[in-house]
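Step one of this worksheet: look at the structure below.
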Amino acid sequence: VCTSCFEKCTYCFANVKDDLRNWTEVLSATVKALKAGQLVAVPTDTIYGLACVAQDSAAVRRVYDLKGRNGDKPLAICVGEIQDIYRYCTVSVKEELLRDLLPGPVTLVLERSSALNGDLNPFTKLIGVRIPDHPFMRRLCQMCGEPLALTSANVSTQTSTVAANEFEDLWPSLAVVVDGGPIGDESRLGSTVVDLSVCGKYRIIRPGCALSATVQVLEGKYGLLEDPVN
């Protein structure tokens, strides 16, 4: 517990980012909070995020309330392993394509499966799924054993955040704030969001921070065609 820089509810691992063994306490506290239906703030490979258990409808509603987010705007889910995607999504691309893009700063939009909470984005049959290239986030998802709903750690009218102190106004509403230090990429663009729900085609929903590399994989290696009006 970091009592020198934040409040007692805030956990800091800024100096142990490369050693999972030193994250045991932080991971355990974060998992406990998530399992209890609470909201947490976490670092990812792009920006800081707000997370809750995706299967917990009440927690999902609290995310929308905290951010002041339009109820028609979907939340993505975050999982720890490629195989988890097949449980919560219907995948129409090769597994090699998934592994070429994930873990990484990309959100893949696929058809959702019946295993996913029906109260999460009930207005669409699609779901965005991420595996951030961040060891803490991957381990957190693995320990939770279920998908996390993930969105940017900011009020909807404000910019994305790349340091924990940039969303101090949200701290009182969060059970745990994990400070992973400044995010390396300060573009604040977030992940590249690409719709892969139509076989053989792709549609860029948000360019994000990895557009060029993502398109190169989709077109250059797998021959997918762009479908701008999917």
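Index from 1, following the sequence. Side chains included, hydrogens not; waters and symmetry mates left out as well; all remaining heavy atoms used.
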So, taking the atom named CD in Glu219 and the one named CG in Leu225, what distance separates them when rounded to the nearest 0.5 Å? 7.5 Å
Going by the rule ring pair (Phe, Tyr, Trp, His ring centres under 6.0 Å), which residues pair with Tyr202 if we only count those two or more places apart in sequence or in a different chain? none
From CG (Leu34) to CG (Asp56), nearest 0.5 Å: 9.5 Å
When you compare the side chain of Leu148 with that of Cys141, does any pair of heavy atoms fall below 4.5 Å? yes
Would you say Tyr48's side chain and Gly180's backbone share a donor-acceptor pair under 3.5 angstrom? yes
Note: Thr214 and Ala210 closest approach over all heavy atoms is OG1-O, 2.7 Å
Quick one: does any side-chain atom of Ser113 pair with a main-chain N or O of Ala115 as donor and acceptor, under 3.5 Å? yes
Does any donor atom in the side chain of Ser191 or Thr46 lie under 3.5 Å from an acceptor atom in the other side chain? no
Look up atom NZ in Lys35 and atom SG in Cys52, then write down how far apart they are to the nearest 0.5 Å. 12.5 Å
Rounded to the nearest 0.5 Å, how far apart are OG1 of Thr90 and CZ of Arg112? 10.5 Å
Are there more than 12 heavy atoms of other residues, nucleotides or ligands under 6.0 Å from atom CZ of Arg87? no
Of the non-hydrogen atoms in Val178 and Pro43, which two are nearest, and what is the gap between them? O-CD, 3.6 Å
Could you report the tightest heavy-atom contact between Val42 and Ala51, atom names first, then the distance? CG2-CB, 4.4 Å
Would you indicate whether the side-chain heavy atoms of Asp45 and Arg130 approach each other to under 4.5 Å? yes
Does CD in Glu168 sit with more than 12 non-hydrogen atoms of other residues, nucleotides or ligands closer than 6.0 Å? yes
May I ask you to decide if the ring planes of Phe136 and Trp23 are parallel, tilted or perpendicular, using 30° and 60° as cut-offs? perpendicular
How far does CG of Leu211 sit from CG of Leu189, to the nearest 0.5 angstrom? 10.0 Å
Test salt bridge (charged side-chain N to carboxylate O under 4.0 Å, His left out) on Asp100 and Lys94 and set out the steps. CA-CA 10 Å; Asp100 279 343; Lys94 295 180 179 180; over 6 Å; no
Provide the closest heavy-atom pair for Ser197 versus Leu126 in the form atom of the first, atom of the second, distance. CB-CD2, 3.7 Å
Donor-acceptor pair, Ser92 side chain versus Leu196 backbone, under 3.5 Å? yes
Are the side chains of Leu116 and Asn121 in touch, meaning some heavy atoms are under 4.5 Å apart? no
With a 4.5 Å cut-off on side-chain heavy atoms, are Tyr86 and Val79 touching? no
Could you check if a side-chain atom of Val93 sits within less than 4.5 angstrom of a side-chain atom of Leu218, using non-hydrogen atoms only? no
Checking Asn117 against Ser57: is there a side-chain donor and acceptor pair closer than 3.5 Å? yes
